[in-house]
Amino acid sequence: MKKYNPKQIESKWQKYWEAKKVYNTKEAENNYMLLTEFPYPSGNLHIGHWYAFALPDILARYLRMTGKNVMYPIGFDAFGLPAENAAIKNNIHPETWTKKNITYMTKQLKSMGATFDWSREVQTIDPDYYKWTQWMFLKFYEKGWVYRAATKVNWCPNDKTVLANEQVVDGRCDRCDSEVIQKELTQWMFKITEFADDLAGGLKDLDWQETAKLGQLNWIGRSEGAKIKFKLTDIPGQKDGRHFVDAFTTRADTLFGVTAVVISPELAQKWIDVGWRASEEVKEYVKKSLTKRELERQETAEKTGIDAGIFAVNPINDEKIPVWVADYVLGHYGTGAVMFVPAHDQRDYEFAKKYSLLIKTVVEPVAIEKNLTNEAYVGPGILANSGKYNGVESEDAKKKITEELKLSGFGDFQRTYRLHDWVLSRQRYWGVPIPMVNCLKCGYQPAPEKDLPIKLPSLEDFKPADDGRSPLAKATKWLKVKCPKCEGEAERETDTMDTFVDSSWYFMRYTDPKNKKEFASKEKMAKWLPVPMYIGGAEHTTMHLLYARFFAKALQKLGHVDFLEPFIGRRNRGIILGPDHQKMSKSRGNVVDPDIEVKKYGADAVRMYLAFMGPYEQGGPWSPGGIIGVYRFLSRVWNVFNFAKDVVLPSAKNIVLHKTIKKIGEDIQNMRFNTGVSELMKLLNELESYQLPVSVQKTFLQLLAPFAPHMTEEVWINVMKNKNSIHLEKWPKYDPKLIIEEKVALVVQVNGKTRDVIKASGSLSEEEVRKLALASDKIKKHLVGKDVKKFIYVPGRLINLVI
RNA sequence: GCCGCCGUGGUGGAAUUUGGUAUACACGAUCGACUUAAAAUCGAUUGCCGCAAGGCAUGUCGGUUCAAAUCCGACCGGCGGCACCA
């Protein structure tokens with residue numbers, strides 16, 4: 001008998017499955033797309049990739065055995081910044097670098113023995129793919145869901161380039177170390193906020209972890225309040241310009257406590273731009289605040305501001321109040337202006353203390369719990385100093401005051417969102433070109449659909465252009481194009497798309513990856529979508545999942561898809577930490593290389609250990625010694641199943657077997673792979689010393705097959721001499737009758753402490769059980785000289801005697 | 001600061017869904033078998049105190065309950081997300 005040697009069997013079966021196309025999917029009756037987030041081709045597979053792909057593969061294999069037609073797709077999210085960095089560093093073209101990585105990682109992925117359907121592989125850098133990314137952009141543009149607006153970007157004055165947040169280290173450029181400044185740039189935006197309500201409302205019925213739903217809700221950040229109009233007085237030099245300012249508040253009930261209006265530097269700048277003749281000090285302050293980086297503005301706890309020198313009128317009581325400009329008011333949230341209520345808002349309170357502004361209490365707490373010194377009272381209460389609203393409860397007052405303002409035209413109910421529109425432009429080379437044309441006469445025009453895909457030109461030099469424009473500005477030949485409207489001279493847009501755009505619809509392409517006429521046919525999508533289960537990282541809870549949901553909703557409104565939600569089920573997996581319980585990183589030297597582990601123990605052991613180490617949704621530390629346990633288990637199985645015996649299993653063991661079949665199935669479905677593995681180990685411990693009938697050996701192998709696909713296949717075909725792959729077998733059925741035991745173990749407690757365990761039939765009456773319990777010597781000992789005051793009987797579980 | 005999650009042996013973890021035998025399964029450790037020896041393998045022991053009977057243990061303190069790792073409250077510690085959102 002040969003020793004278990006994974007090296008000798010694993011690649012053999014991988015080739016066999018590929019040759020037989022075992023995992024290539026066609027549409028059938030019980031279609032099930034098990035989706036995982038497609039990888040970025042970084043160049044090397046790490047243990048996290050195994051966790052991300054090899055574990056869901058256990059579920060994929062299980063579902064297939066239970067009769068589902070499972071598609072387990074794979075692809076590459078292949079545009080992005082690292083390719084450009086590698087290109088600049090190693091003088092290699094981003095495309096060459098990326099494609100090389102894809103080839104290598106494909107090889108590595110195949111070493112997992114997963115059931116990927118490579119025939120449906122999708123790559124976002126494929127022009128046949130990004131043609132449709134561009135097409136969707138154009139469709140959204142037609143609908144008015146794409147627009148241009150000025151936003152702030154991180155700008156390196158030395159490299160003359162836009163930096164991503166992760167390229168800014170301590171306020172400095174990570175390449176040249178010069179100080180990063182904030183620069184306004186006009187960028188392409190997706191109007192995702194128009195879908196904010198749908199995105200928030202649609203979460204309700206989804207089978208997602210509550211934390212993920214909550215994460216999205218917080219990110220969308222819907223907030224119900226009121227918009228209140230303040231008339232402005234004394235604006236020198238302005239006749240018909242800005243006479244009003246709107247402020248968003250969730251506390252309309254505190255309107256009588258307003259002692260100022262505070263506007264953001266951004267709003268002040270807008271006023272200056274339309275002719276507000278502010279004092280030099282104010283202009284100076286606005287200028288200074290705006291050049292401060294947003295981060296810096298938030299990090300300094302100290303609020304600063306300046307009296308704008310003008311006045312506003314409180315619409316509820318016509319009080320004249322000052323207007324201030326302050327940097328703690330955000331330009332991009334609400335209306336960029338707030339009504340200043342220092343008595344009932346902590347930030348306003350701190351500001352009032354610093355600049356000696358009036359504090360006016362208008363809400364009294366119902367019960368004073370603590371002494372409020374140096375802080376605002378932000379809770380609900382009863383209104384005071386509020387004219388006719390005195391005595392009204394604050395929640396009620398919000399409504400009544402807003403309604404009064406609505407009548408006079410000075411306010412209305414308003415909803416605001418934290419969610420910003422999605423800035424999709426990137427000033428980068430390695431991305432999907434935005435299909436727009438800039439004509440001097442006609443302005444921006446959409447590229448004609450027949451020109452798609454607008455292919456990314458092959459550049460020699462993909463550093464940003466000298467004027468700071470995107471690298472594509474250097475592709476002079478590519479750049480020149482006729483205006484689709486006036487036929488005059490025009491230029492292509494040089495920005496490329498955020499890679500999150502590419503990944504917002506890739507799962508749809510899996511259903512119809514070769515389609516030349518559409519991004520995917522409606523019929524094929526209907527067969528597979530929406531995705532019943534999507535497994536991925538928690539880091540994608542807000543951005544990727546929200547963007548993909550936005551795409552689905554937008555495409556649905558355009559009539560191209562039939563579902564409102566793309567992902568019915570969603571589970572976030574945990575993170576594999578290094579043996580030192582820290583995040584794996586090269587600098588810590590705690591990185592686990594899966595290739596090395598596979599060489600030592602085989603792919604089956606690596607898969608199974610990852611499954612065994614802890615709950616999938618939790619992740620945890622990789623312990624180098626732990627995998628040996630799984631390897632030993634596989635070796636034991638190998639030895640037990642190398643010769644077949646023709647005997648009968650004792651019925652007690654048969655009951656254990658059937659219970660285990662049930663439990664493992666449930667564990668896999670719930671992604672409790674860790675307890676599933678331990679059940680298999682228990683079962684082996686239970687059966688190992690017995691002579692096993694062939695049927696039991698088969699069942700055991702079938703239960704193990706999703707976890708250890710290679711080894712089970714080897715035994716199945718070469719030892720047990722079966723003709724077809726074990727992975728085409730049906731999942732074993734358990735006999736429900738066998739699982740219900742005649743006699744149950746009944747725990748007998750005295751005062752809640754377990755004193756004995758008696759075997760009894762589950763159908764006994766309370767009186768009969770009582771007799772049994774009191775007859776036990778172990779129990780009698782504890783009852784000497786005491787009365788049983790209470791007798792608790794939980795049928796099938798326990799008896800508790802209270803004395 | 002706000003929101004969320006978590007805290008169980010020397011270690012990873014099980015039992016939390018449904019309050020009902022806490023520590024399954026595995027690693028490690030100790031002892032033993034086999035071996036010239038080692039590795040591998042196999043067997044035994046392994047929460048703490050105790051010879052035992054028994055007692056004590058799920059971050060800490062309190063509560064609900066016949067019964068709490070599980071539910072509730074406060075605190076301590078760790079992790080993740082957001083970060084002046086009016």
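A, B, ... follow the sequence lines: proteins, then strands. Residue 1 opens every chain.
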In whole angstrom, give me the gap between the [atom1] atoms of [N] and [M].
{"N": "B:A14", "M": "B:U58", "atom1": "C1'", "answer": "12 Å"}
{"N": "B:C75", "M": "B:C85", "atom1": "P", "answer": "23 Å"}
{"N": "B:C82", "M": "B:G63", "atom1": "P", "answer": "40 Å"}
{"N": "B:G55", "M": "B:A44", "atom1": "C1'", "answer": "27 Å"}
{"N": "B:G12", "M": "B:A24", "atom1": "P", "answer": "15 Å"}
{"N": "B:G78", "M": "B:U8", "atom1": "C1'", "answer": "15 Å"}
{"N": "B:A74", "M": "B:C79", "atom1": "P", "answer": "23 Å"}
{"N": "B:U21", "M": "B:G10", "atom1": "P", "answer": "23 Å"}

- When the ring planes of A:Tyr328 and A:Phe351 are compared, do they come out parallel, tilted or perpendicular, using 30° and 60° as the limits? tilted
- Message: Tell me whether A:Arg573 forms a cation-pi arrangement with A:Tyr51, defined as NZ or CZ under 6.0 Å from the six-membered ring centre and within 45 degrees of its axis.
- Response: no
Does the side chain of [X] reach to within under 4.5 Å of the side chain of [Y], using non-hydrogen atoms?
{"X": "A:Ile664", "Y": "A:Phe707", "value": "yes"}
{"X": "A:Tyr4", "Y": "A:Asp604", "value": "yes"}
{"X": "A:Val378", "Y": "A:His344", "value": "no"}
{"X": "A:Phe673", "Y": "A:Ile668", "value": "yes"}

N or O in side chain of [X] less than 4.0 angstrom from [N] OP1/OP2:
{"X": "A:Tyr333", "N": "B:A86", "answer": "yes"}
{"X": "A:Arg632", "N": "B:C27", "answer": "yes"}
{"X": "A:Asn685", "N": "B:A26", "answer": "yes"}

- Would you please name every residue forming a ring pair (Phe, Tyr, Trp, His ring centres under 6.0 Å) with A:His420, sequence neighbours left out? A:His332
- Message: Going by the rule ring pair (Phe, Tyr, Trp, His ring centres under 6.0 Å), which residues pair with A:Tyr601 if we only count those two or more places apart in sequence or in a different chain?
- Response: A:Tyr631
- Query: How far does CG of A:Asn218 sit from OG1 of A:Thr541, to the nearest 0.5 angstrom?
  - Reply: 11.5 Å
- Message: Centroid separation under 6.0 Å, is that true for the rings of A:Phe500 and A:Trp422?
- Response: no
- Message: I need a per-nucleotide contact map over nucleotides 3-13 of chain B, read 5' to 3'. Cutoff is protein heavy atoms under 4.0 Å; write B for the base, S for backbone only, - otherwise.
- Response: SS-------BS
Sugar-phosphate only, base, or nothing, as touched by [X] at under 4.0 Å among non-hydrogen atoms:
{"X": "A:Trp219", "value": "sugar-phosphate"}
{"X": "A:Lys753", "value": "sugar-phosphate"}
{"X": "A:Gly334", "value": "nothing"}
{"X": "A:Arg755", "value": "sugar-phosphate"}
{"X": "A:Leu801", "value": "nothing"}

Value in whole Å for how far the [atom2] atom of [N] lies from [atom1] of [X]:
{"X": "A:His332", "N": "B:C82", "atom1": "NE2", "atom2": "P", "result": "14 Å"}
{"X": "A:Lys682", "N": "B:A24", "atom1": "NZ", "atom2": "P", "result": "9 Å"}
{"X": "A:Tyr4", "N": "B:A40", "atom1": "OH", "atom2": "C1'", "result": "16 Å"}
{"X": "A:Glu350", "N": "B:G1", "atom1": "CD", "atom2": "P", "result": "13 Å"}
{"X": "A:Leu798", "N": "B:A22", "atom1": "CG", "atom2": "P", "result": "10 Å"}
{"X": "A:Arg347", "N": "B:C84", "atom1": "CZ", "atom2": "C1'", "result": "6 Å"}
{"X": "A:Tyr631", "N": "B:C25", "atom1": "OH", "atom2": "C1'", "result": "20 Å"}
{"X": "A:Tyr601", "N": "B:A40", "atom1": "OH", "atom2": "C1'", "result": "13 Å"}

- Item | A:Lys682 and A:Glu679: CA distance, side-chain angles, deciding distance, salt bridge (Lys or Arg N to Asp or Glu O under 4.0 Å) verdict | CA-CA 5 Å; A:Lys682 279 192 227 176; A:Glu679 287 300 319; 3.4 Å; yes
- Task: Assign each of A:Asp348 and A:Val677 to its nearest nucleotide of RNA chain B by heavy atoms, then name whichever residue's nucleotide is nearer the 5' end.
- Result: A:Val677
- Position toward the 5' end of RNA chain B (nearest nucleotide), A:Ala538 or A:Val630: A:Val630
- Query: Just by modelled atom types, is the A:Glu617 backbone N or O under 3.5 Å from a matching donor or acceptor in the A:Asn572 side chain?
  - Reply: no
- Message: If only side-chain N and O atoms count, and only distance matters, is there a donor-acceptor pair under 3.5 Å linking A:Asn685 with A:Arg636?
- Response: yes
- Note on the structure: By salt bridge (Lys or Arg N to Asp or Glu O under 4.0 Å), A:Glu210 pairs with (sequence neighbours left out) A:Lys213
- Message: Please classify the glycosidic conformation of B:G80 as syn (within 90° of 0) or anti (everything else).
- Response: anti
Below 3.5 Å is the cut-off: list the nitrogen or oxygen pairs between protein and nucleotides 61-68 of chain B, distance only.
{"unit_1": "B:C66", "atom_1": "OP1", "unit_2": "A:Lys790", "atom_2": "NZ", "d": "3.4"}
{"unit_1": "B:C66", "atom_1": "O2'", "unit_2": "A:Asn800", "atom_2": "ND2", "d": "3.4"}
{"unit_1": "B:C66", "atom_1": "O2", "unit_2": "A:Asn800", "atom_2": "ND2", "d": "2.6"}

- Message: What stems show up for RNA chain B when you take Watson-Crick pairs (N1-N3 plus N6-O4 or O6-N4) and G-U wobbles (N1-O2, O6-N3), both under 3.5 Å, and require three or more consecutive pairs?
- Response: B:1-7 with B:76-82, B:10-12 with B:25-27, B:28-33 with B:41-46, B:47-49 with B:54-56, B:59-63 with B:71-75
